[in-house]
Student: 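Handing you this structure, nothing more for now.
Below, chain A is the first sequence line, B the second, and so on; all start at residue 1. Only this structure's heavy atoms are used, side chains among them; waters, hydrogens and symmetry mates stay out.
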Amino acid sequence: MQHALTPTQSDFEPNMLSGLNPAQRSAVEAVNGPVLVLAGAGTGKTRVLTTRLAAILLNGLASPFQIMAVTFTNKAARELQERVSALVGRPTEGWFLGTFHSLCTRILRKHAERVGLKQNFTILDTDDQLRLIKQILEAENVDTKRTPARAVLAVIERWKDRGYTPDKVPATEVTQSGLYLKVYQIYQERLRTLNACDFGDLLLYNLVLLQNNLDLLQEYQHRFRYILVDEYQDTNVVQYLWLRLLMLTPDGQARNICCVGDEDQSIYGWRGAEIGNILRFEQDFPGAKIIRLEENYRSTGHILGAASALIAHNRDRLGKTLWTTASEGDRVRVQSLWDGESEARFVGDEVESFQRRGMSLNHMAVLVRAGFQTREFEERFLKIGVPYRVIGGPRFYERQEIRDAIAYLRIILVPEDDLAFERIINVPKRGLGPATMQQITTHARVNKIGMLEAVRQLLNTDAFKPKMRTTLQTFIRLYDMWCAQLQDLPHTDLTERVLEESGYIAMWQAEKTPDAPTRLENLKELISAMSEFDNLQSFMEHVSLVMEKTSSAEQEQVTLMTLHAAKGLEFDLVFLPGWEEEIFPSRRSLEENGMKGLEEERRLAYVGITRARKHAIISNVANRLVYGSWTNAIPSRFISELPAQHIETHAEAGMFGTMNRASFNSRGTSAAPAEFAQSSVMSSSFGKSHYPARPKTSFIEGRAERIEDEPTYKFRKGDRVFHQKFGYGTIELMDGPKIEVTFDMGDTKKIMAEFVVPESLAGEF
DNA sequence: AGATGTACCATTTTT
DNA sequence: TGGTACATCT
């Protein structure tokens with residue numbers, strides 16, 4: 001039976017459906033049975049998801065606790081929670097709206113003992129995983145040079161992504177004469193004795209839980225009457241199997257599952273996402289309804305046209321035809337340049353030019369294939385004084401001082417957490433050498449106890465040297481005190497005490513490296529972040545699951561980030577530099593995954609173009625400095641896949657005759673013929689060479705060299721300087737060619753020294 | 001323990 | 001080229 005949702009039923013918010021187009025509306029209304037919403041870029045899929053969820057609730061089809069809505073990222077989860085909360089007019093706390101990992105953690109905590117864990121298990125991060133694997137490899141006498149822990153972990157994680165527990169790894173996957181499998185087995189045993197699991201386990205154990213416990217399977221099948229999944233194209237095998245167990249009845253009937261996704265935006269294959277899941281949806285869930293959202297509300301016509309034509313080159317897709325009622329807008333600009341430096345200068349100039357025409361820096365982004373590519377743009381932006389932010393740098397919770405602090409807290413919560421013990425026992429330095437460590441590890445292993453307990457036992461013997469004995473006794477006494485205060489003291493106060501009494505704060509205070517003050521700041525920030533949680537336990541949960549970066553600056557900034565990080569975002573103006581063979585598409589991707597790899601790269605290109613609302617500027621260079629040697633670069637094949645009617649091509653003056661076969665016509669479509677682009681990868685004609693003589697033509701006459709020709713002055717800390725954009729200020733810090741200046745306007749900025757003049761010369765500037 | 005030397009390597013990254 | 005992980009020296 002179909003429930004027709006109409007605004008008149010129950011307490012349905014009357015305007016909820018009114019703003020939806022017919023496709024969106026039908027995706028909301030098809031409440032029962034399996035539904036796949038194929039939502040292209042910028043078609044409002046989140047809106048559909050939230051409206052549908054609210055509609056189910058407000059029509060009384062289910063209570064909040066009978067609905068599960070899953071996302072991949074915390075950001076998406078938060079957005080979902082906020083929107084649903086706004087639609088239904090109450091908070092969504094405690095509801096099953098969240099990331100796969102957070103929901104799975106909740107479920108696993110309830111049934112931890114069924115997989116041999118205690119309820120308070122810890123979740124290891126990559127660092128701990130690697131250390132653990134390395135220990136195992138060393139114990140097995142494996143040469144960690146030839147078989148790095150990283151590689152072994154990658155294989156194990158892949159197995160976990162596919163749903164293989166150690167006993168279920170198929171014979172075909174077992175290589176290296178079974179070494180990896182053996183390590184996997186030992187690794188899992190060790191995790192269990194540590195009362196810990198890794199990120200992969202959170203999902204894998206949930207699958208195992210449902211597979212091996214009929215009662216639980218029935219309980220959760222009964223409980224979750226509606227499941228909504230965002231970004232379905234990103235699900236891996238475990239997530240898929242888990243969802244399928246929940247959503248298929250024993251006789252193969254699909255229940256009420258609604259997945260939203262876009263096969264053209266599947267860009268996480270390399271990390272286990274299985275695009276086949278979305279392509280196979282109809283077979284998996286018999287009777288599935290497929291609804292396509294094809295009206296794009298984001299981009300202008302040419303941008304959409306270029307992106308659609310590009311993605312049409314992919315074979316593995318279900319196919320959608322995006323359209324828009326927006327104007328044609330600007331054509332996608334394809335700009336060829338001499339080298340990376342002129343590319344950066346070009347982007348910088350365009351940024352300034354758009355800014356002059358009134359566009360906010362917040363609406364501009366530079367999207368690169370790989371993180372290292374941001375560097376030349378950063379340098380340029382520093383030079384010309386364009387504020388920018390880089391998304392995806394080191395995360396707050398990955399910083400050393402934060403991880404140390406958290407290790408202290410972990411061992412207080414979970415005494416058998418040996419990895420935390422190892423991390424902190426000699427930080428700050430307590431004079432523990434490898435010999436003492438060896439004693440402790442051996443005793444722990446022989447008696448199958450945690451290292452902390454091993455220390456306790458050994459203190460009752462005379463195993464330790466007198467000095468060590470006192471040190472360890474002091475440590476244990478402190479530790480016991482902290483544990484005792486766990487109940488009484490607020491967790492923020494406890495943390496402060498721990499960091500103070502352990503000498504950790506003192507350690508950084510004594511440190512005279514320039515980043516020591518920052519680290520102390522970070523520790524303060526950690527404590528203030530903690531205050532938002534009720535207790536230590538819930539904060540620790542947050543730590544392992546939510547690795548968020550706390551951004552502060554509220555100033556207008558250009559965004560620099562990888563294409564991956566840009567998924568789900570949009571900007572008025574998008575720069576897409578580095579569209580060259582071997583860089584984009586990335587060589588490794590093609591080498592390792594062939595056609596599949598190429599298609600994923602193409603989807604990445606598609607994601608990139610479709611981030612743009614009004615302007616997309618693609619660029620490529622003829623000469624690229626790669627790992628210190630100059631390389632002739634060939635325009636990406638993706639450029640030649642863009643249709644002529646949607647693009648306009650430009651080449652930097654001085655390019656002709658230098659670029660050889662790779663030269664472009666100054667207008668019309670690609671002068672890079674497909675056969676040419678194709679052959680480049682096959683016959684690695686991608687030769688390293690010496691730096692070609694750079695033509696002395698500047699890109700924009702009279703502008704480009706403006707800055708570089710300014711004389712550089714010898715500055716010292718404390719000098720008063722003047723900057724063209726930021727005005728007067730005082731030098732805080734010298735850092736090679738860069739300086740940190742606190743400007744009188746209030747901001748502290750890091751800029752190139754050559755871009756300021758002494759205060760006394762301000763008038764001549 | 002801290003400093004210096006050297007060999008190696010080099011996507012995408014969330015949870 | 002430049003960062004880093006590990007080894008060896010002081």
Side-chain angles (χ1 to χ4, degrees), chain A residues 70-77 98-105 108 123-126 129-131 134 143-146 148-151 153-154 157 160-161 197-204 206 230-231 234-236 238-239 266-273 340 367-376 391-395 397-398 426 428-434 511-513 541-549 561-568 578 582-593 597 600-601 603-605 607-608 624-631 688 691 736:
Chain A
V70 220
T71 61
F72 276 82
T73 62
N74 289 297
K75 200 174 144 222
T99 60
F100 271 100
H101 284 82
S102 66
L103 299 185
C104 284
T105 308
L108 188 58
I123 303 166
L124 296 191
D125 57 28
T126 319
Q129 293 178 42
L130 282 173
R131 279 198 293 152
K134 203 168 164 211
D143 179 6
T144 48
K145 271 259 155 61
R146 281 184 42 206
R150 201 160 266 293
L153 181 61
E157 283 187 332
K160 288 191 176 181
D161 282 342
C197 67
D198 63 23
F199 283 114
D201 286 334
L202 292 175
L203 305 175
L204 189 54
N206 263 273
D230 197 11
E231 307 282 16
D234 287 338
T235 47
N236 64 26
V238 183
Q239 288 157 339
S266 163
I267 54 175
Y268 285 109
W270 51 274
R271 136 190 134 180
L367 309 182
V368 293
R369 171 69 246 266
F372 67 84
Q373 291 174 275
T374 60
R375 219 189 68 194
E376 57 189 12
I391 308 284
R395 276 185 209 87
Y397 290 110
E398 279 164 12
N426 207 24
K429 299 261 181 302
R430 296 189 175 92
L432 248 90
E511 177 95 34
K512 45 199 171 296
T513 48
E541 195 82 340
H542 167 84
V543 166
S544 33
L545 289 174
V546 188
M547 298 285 213
E548 270 180 277
K549 209 175 89 182
M561 61 182 152
T562 62
L563 288 160
H564 283 92
K567 197 166 101 167
E582 315 238 318
I583 289 181
F584 190 40
S586 125
R587 189 175 100 199
R588 271 182 77 166
S589 217
L590 301 202
E591 271 171 6
E592 283 168 19
N593 301 306
E600 185 154 313
E601 294 286 305
R603 290 193 288 270
L604 211 41
V607 166
R624 179 76 68 187
L625 192 57
V626 187
Y627 307 140
S629 50
W630 284 95
T631 320
K688 307 243 162 169
Y691 180 38

Student: Considering residues at least two apart in sequence or located in another chain, which fulfil the salt bridge (Lys or Arg N to Asp or Glu O under 4.0 Å) criterion with Arg271(A)?
Tutor: none
Student: Report all interatomic pairs (protein N or O, nucleotide N or O of nucleotides 2-6 of chain B) with separations under 3.5 Å.
Tutor:
none

Student: Select from Glu601(A) and Thr73(A) the residue whose nearest nucleotide in DNA chain B is closer to the 5' end of that strand.
Tutor: Glu601(A)
Student: Tell me what Thr105(A) touches on the nucleic acid: a base, only sugar-phosphate, or nothing, going by heavy atoms under 4.0 Å.
Tutor: nothing
Student: Between the protein and nucleotides 5-8 of chain C, list the N/O to N/O atom pairs that are separated by less than 3.5 angstrom.
Tutor:
unit_1, atom_1, unit_2, atom_2, d
dC6(C), OP1, Lys134(A), NZ, 3.2

Student: Output all residues satisfying ring pair (Phe, Tyr, Trp, His ring centres under 6.0 Å) with Phe584(A), sequence neighbours left out; order by chain, then residue number.
Tutor: Trp579(A), Phe638(A)
Student: To the nearest 0.5 Å, how far apart are CD1 in Ile267(A) and CD in Glu231(A)?
Tutor: 9.0 Å
Student: In whole angstrom, give me the gap between the P atoms of dT13(B) and dG2(C).
Tutor: 22 Å
Student: Thinking salt bridges, do Arg624(A) and Glu582(A) make one under a 4.0 Å N-O criterion?
Tutor: no
Student: Taking the nucleotide of DNA chain B with the closest heavy atom to each, which residue, Asn426(A) or Ala565(A), is nearer the 5' end?
Tutor: Asn426(A)
Student: Does the side chain of Thr562(A) get closer than 4.0 angstrom to OP1 or OP2 of dT13(B) through an N or O atom?
Tutor: yes
Student: Any salt bridge linking Arg603(A) with Glu600(A)? Criterion: basic side-chain nitrogen under 4.0 Å from a carboxylate oxygen.
Tutor: yes
Student: Do Arg369(A) side-chain and dT12(B) base share a donor-acceptor contact under 3.5 Å?
Tutor: yes
Student: Under 4.0 Å from OP1 or OP2 of dT15(B): is there any side-chain N or O of Asn74(A) that close?
Tutor: yes
Student: For the side chain of His101(A), counting heavy atoms from C-beta on, which of dT15(B), dT13(B), dT11(B) is nearest?
Tutor: dT15(B)
Student: In chain order, what residues pass the salt bridge (Lys or Arg N to Asp or Glu O under 4.0 Å) check against Arg430(A), with sequence neighbours excluded?
Tutor: none
Student: With Asp201(A), which residues qualify under salt bridge (Lys or Arg N to Asp or Glu O under 4.0 Å), at least two apart?
Tutor: Lys160(A)
